[in-house]
Amino acid sequence: MLDEQKQHWLGKARDYKAYSLVLFAVSAFLYIGTLIPEAIDATKRPLVIGGVFVLMLASIIFSHRANTYLRKLDNEQ
């Protein structure tokens with residue numbers, strides 16, 4: 001039972017870390033798009049910056065959750 005729970009936590013930690021990296025990459029590409037002068041209209045730029053902020057926040061939250069599960073694994077061993 002305990003091994004199954006550890007494997008479950010390890011799987012969740014890996015998944016959350018992957019989600020975090022994907023969200024970070026997407027937000028980085030969107031941010032780079034705001035730096036290119038002709039890529040986004042000036043009226044839509046604040047909306048895209050807000051989206052970048054939301055994606056970065058979600059990335060941080062997923063990274064924190066991954067670290068939480070990894071700490072649980074370390075405490076159990």
Side-chain angles (χ1 to χ4, degrees):
M1 177 67 179
L2 193 57
D3 259 353
E4 289 178 22
Q5 189 173 21
K6 286 181 183 180
Q7 289 297 325
H8 183 69
W9 287 344
L10 184 61
K12 281 189 172 251
R14 287 180 181 163
D15 287 344
Y16 282 134
K17 188 57 85 173
Y19 298 155
S20 173
L21 290 174
V22 167
L23 289 173
F24 179 77
V26 170
S27 66
F29 282 117
L30 281 175
Y31 183 72
I32 289 170
T34 63
L35 298 177
I36 300 171
E38 305 272 329
I40 299 173
D41 294 336
T43 57
K44 294 181 182 176
R45 194 167 301 215
L47 181 64
V48 174
I49 294 291
V52 168
F53 177 75
V54 169
L55 289 173
M56 288 296 281
L57 185 62
S59 175
I60 291 168
I61 290 169
F62 283 134
S63 181
H64 178 70
R65 284 189 179 177
N67 288 335
T68 300
Y69 281 110
L70 290 175
R71 271 189 258 122
K72 280 184 181 183
L73 278 172
D74 285 342
N75 289 339
E76 289 293 322
Q77 290 178 355

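Fair warning: this is a prediction, and the values are worked out from it, not measured in the lab.
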Got a second to check how far [X]'s [atom1] is from [Y]'s [atom2], nearest 0.5 Å?
X	Y	atom1	atom2	result
Ile36	Ile32	CD1	CD1	7.5 Å
Tyr19	Arg65	OH	CZ	11.0 Å
His8	Lys72	NE2	NZ	9.0 Å
Asp3	Leu10	CG	CG	11.5 Å
Leu35	Ile40	CG	CD1	9.0 Å
Phe62	Leu21	CZ	CG	12.0 Å

Could you please spell out the steps behind the side chain to side chain contact (heavy atoms under 4.5 Å, CB included) verdict for Tyr31 and Thr34?
-> CA-CA 5 Å; Tyr31 183 72; Thr34 63; 3.8 Å; yes
Indicate if Ile49 and Phe24 have the same hydrophobic cluster label, given that clusters are the connected sets of ILVMFWY residues with side-chain heavy-atom separations under 4.5 angstrom.
-> yes
State whether the number of non-hydrogen atoms from other residues, nucleotides or ligands found under 6.0 Å of Arg45 atom CZ is greater than 12.
-> yes
Say whether, by atom type as modelled, one donor and one acceptor occur between the side chain of Thr68 and the main chain of His64 under 3.5 angstrom.
-> yes
Ser27 side chain vs Leu23 backbone, donor-acceptor pair below 3.5 Å | yes
Closest non-hydrogen atom pair, Ala13 against Ala66 = O-CB, 3.5 Å
